[in-house]
2 protein chains.
Amino acid sequence: MMNPPLFDAACSACPIRHRAVCARCDAEEMAQLETIKSYRTFAAGDAILWRGEPLAFVASVVSGVASLSKTLEDGRTQMVGLLLPSDFIGRPGRDTIDFDVTATTDVVLCCFARKPFEALIEDTPHVAQRLMELALDELDAARDWMLLLGRKTAREKIATFLDMLARRSHLAATGDAAPTASALLDVPMTRDQIANYLGLTLETVSRQFSVLKRDGIIDQVDRRQVTVRDLSRLQQATGDDADGGVWS
Amino acid sequence: MMNPPLFDAACSACPIRHRAVCARCDAEEMAQLETIKSYRTFAAGDAILWRGEPLAFVASVVSGVASLSKTLEDGRTQMVGLLLPSDFIGRPGRDTIDFDVTATTDVVLCCFARKPFEALIEDTPHVAQRLMELALDELDAARDWMLLLGRKTAREKIATFLDMLARRSHLAATGDAAPTASALLDVPMTRDQIANYLGLTLETVSRQFSVLKRDGIIDQVDRRQVTVRDLSRLQQATGDDADGGVWS
DNA sequence: TCATGGATTTGATCTATATCAAAGCGCACC
DNA sequence: GGTGCGCTTTGATATAGATCAAATCCATGA
């Protein structure tokens, strides 16, 4: 694996800078973050954090995919969040979380010891403000997912999932949130993990991939890669109101 | 309708104080909030805010129930939040919201003009911190709801809904989050609204109320009131893992 | 007191998705 | 370069909950 990037002005993993450039971190703040930082790697399937466990660190995803999930008494589980590179793990001001965090693929995290990180926040209002923005982004994503889980059909769920991946990967690649052409897409999860994310079974996920393929909307290159042949039909298939979804 | 309470040290509607006493608001901050405050009432069914509309105010629910909801292209809708007295409406640092806010019952809001409210936040870190806590509480609630929408059966959804109402009403009445005895419960929504909240149809909601009644877990006093006859069986019926749900 | 209309309950039937089952496929490891 | 084991696909069947339909309830106002 590539050596993880050092934390510096350009570090895409800095939890304060990620998803938008924070122009206000000064050299001293940077240096302070540098001293409490460490990289940690997790293999696919590893637990990163358990529900209820005291949080030792906050972190930013450098590479790979991690997921947040909750479980019912009898073992049924539901993913409640997906963490892609540059996403943040942690809850300013909270000791514990009430979901599990698991490595979906191999993952590298840029971790910051929690106590000193929170001390830093106290002194730097613009960092606190950035964290508030991140929390609100997560809340928006959670509410979109509630609509998906409560009201979308299996086909719409898969289309929404692929559309989200397309937007996020395009965003990462070009900084532009609205891809316009067909594209090769990395699907970094098994059918089972996708099912847990979408509130479906793995068989239904597989069938709907096949349907979208039969309809000429996607092509399956391999288990983990699809090409979007017709993005506008994919987006129509999401069921979303054209103006104003979170992803638009 | 009763005259709304004035804003003062004891005002349960103060968005900074609600759900927990903020011991750090000084007299000057209070006075400042007082100048930008106004009460507004909405009749059941009224729109409070539309998706995409610029936010003119932030607010705290004084009485009644409001809901956040999202809609698909073909009109299917899903509630993504329920606002009970003392809950907060608003997104520090955001101009618009991407869901509708509707009065579920008659509602009284304590509104604060957004710009001056945000100016106040800038100067008072402890208020910003309180808002962060509120956002994280909402995020926790949203994630519990994702588990409910994605994986719970109709019976479990209704049980969870009633358990939530029981906890929240007990909390409001006694300040203690864990009711232990059976209790009369106010259900402030129609079957249709409950269905939209739980990702069900109104018929299924009605049937499951009947089933819980037949099983001796609840009694239906009237359309809007139930008594919980056996709280522990109600909680078992939620499907939640005994240790560690959000509501525990 | 009765008529009216929305909300609710209950019944009958339908269907999308779950569940159960059995091949395929392909990568990793010998 | 074969073998085994996950992962995936596809098929057959079952079922929870949706949909369609009809009473019933109950608040409201004439």
Side-chain angles (χ1 to χ4, degrees), chain A residues 43-46 65 72 74-78 103-106 148-162 186-215 218-226 237 239, chain B residues 43-45 65 72 74-78 104-106 148-162 186-215 218-226 237 239:
Chain A
D46 282 359
V65 179
L72 294 175
D74 65 0
R76 280 170 287 167
T77 86
Q78 174 65 53
T104 300
T105 64
D106 292 346
L148 176 145
L149 292 171
R151 294 300 183 196
K152 287 191 178 179
T153 64
R155 180 190 166 92
E156 289 169 338
K157 286 177 176 181
I158 298 292
T160 305
F161 174 67
L162 291 174
D186 195 52
V187 180
M189 298 150 80
T190 65
R191 298 291 179 261
D192 190 49
Q193 290 164 338
I194 297 169
N196 274 338
Y197 195 30
L198 299 176
L200 298 169
T201 59
L202 68 95
E203 294 94 333
T204 299
V205 170
S206 177
R207 277 184 238 275
Q208 294 301 327
F209 267 94
S210 300
V211 170
L212 290 178
K213 182 177 173 181
R214 172 173 53 65
D215 292 351
I218 63 170
D219 255 344
Q220 290 185 274
V221 176
D222 100 358
R223 291 173 173 188
R224 298 291 191 114
Q225 291 194 309
V226 303
Chain B
V65 179
L72 294 175
D74 65 1
R76 281 169 286 167
T77 86
Q78 174 65 52
T104 299
T105 64
D106 293 345
L148 176 145
L149 292 170
R151 294 300 183 195
K152 287 190 179 181
T153 64
R155 180 191 166 92
E156 288 168 339
K157 286 177 176 181
I158 298 293
T160 305
F161 174 67
L162 291 174
D186 195 51
V187 180
M189 299 151 80
T190 65
R191 297 292 180 260
D192 189 50
Q193 290 165 338
I194 297 169
N196 274 338
Y197 194 30
L198 299 177
L200 297 169
T201 59
L202 68 93
E203 294 95 331
T204 298
V205 171
S206 178
R207 277 184 239 276
Q208 293 302 327
F209 267 95
S210 300
V211 170
L212 290 178
K213 182 176 171 181
R214 171 173 55 65
D215 292 350
I218 63 170
D219 256 345
Q220 290 185 274
V221 175
D222 85 9
R223 290 174 174 190
R224 297 292 190 112
Q225 292 192 309
V226 304

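Values reported hereafter were calculated over all heavy atoms of this structure, with side chains retained and with hydrogens, waters and symmetry mates removed.
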List in chain and number order the residues that pass side-chain hydrogen bond (donor to acceptor under 3.5 Å, both in side chains) with A:Lys152, two or more places apart in sequence or in another chain; answer none if no residue qualifies.
A:Thr160, A:Asp240

Determine yes or no for a side-chain-to-main-chain donor-acceptor pair under 3.5 angstrom, with A:Arg151 supplying the side chain and B:Leu200 the backbone.
yes

Overall bend - the helix from C:dT1-D:dA30 to C:dC30-D:dG1, comparing terminal axes fitted on five pairs, nearest 10 degrees
40°

Spell out, as yes or no, whether a donor-acceptor pair under 3.5 Å connects the side chain of B:Asn196 to the backbone of B:Gln78.
no

Does B:Ala44 offer a backbone N or O that forms a donor-acceptor pair with the side chain of B:Thr105 under 3.5 Å?
no

Provide a list of protein-nucleic acid N or O atom pairs under 3.5 angstrom, restricted to nucleotides 6-9 of chain C.
from, atom 1, to, atom 2, distance (Å)
C:dG6, N2, B:Arg223, NH2, 3.4
C:dA7, N3, B:Arg223, NH2, 3.4
C:dT8, OP2, B:Arg191, N, 2.8
C:dT9, OP1, B:Arg191, NH2, 3.4
C:dT9, OP1, B:Gln220, NE2, 3.1
C:dT9, OP2, B:Arg191, NE, 2.7
C:dT9, OP2, B:Ser206, OG, 2.8
C:dT9, O5', B:Ser206, OG, 3.2

What pairs of residues pass the salt bridge (Lys or Arg N to Asp or Glu O under 4.0 Å) test when at least one of them lies in residues 186-214 of chain B, not counting sequence neighbours?
none

Could you list the residues that satisfy side-chain contact (heavy atoms from CB on, under 4.5 Å) with A:Ser210, not counting sequence neighbours?
none

Give me the distances for all protein-to-nucleotides 14-17 of chain C N/O pairs that come in under 3.5 Å?
from, atom 1, to, atom 2, distance (Å)
C:dT17, OP1, A:Ala154, N, 2.9

Taking only residues two or more places apart in sequence, or in another chain, which ones meet A:Asp222 in a side-chain hydrogen bond (donor to acceptor under 3.5 Å, both in side chains)?
none

Distance col, row A:Phe209:CZ vs A:Asp219:CG, nearest 0.5 angstrom, shows 12.5 Å

List for me each residue that meets side-chain contact (heavy atoms from CB on, under 4.5 Å) alongside A:Gln208, sequence neighbours excluded, and say none if there are none.
A:Ala154, A:Arg155, A:Ile158, A:Thr204, A:Val211

Is a side-chain donor or acceptor of A:Arg76 paired with a backbone partner of B:Gly150 at a separation under 3.5 angstrom?
no

Rounded distance [0.5 Å steps], OG1 in A:Thr190 versus CZ in A:Arg223:
10.5 Å

Students should find that the nucleotides of DNA chain D closing off the region near chain A, any atom under 4.0 angstrom from a heavy atom, are D:dG6 to D:dA12

To the nearest 0.5 Å, what is the distance between CG on B:Leu198 and CG on B:Leu149?
7.5 Å

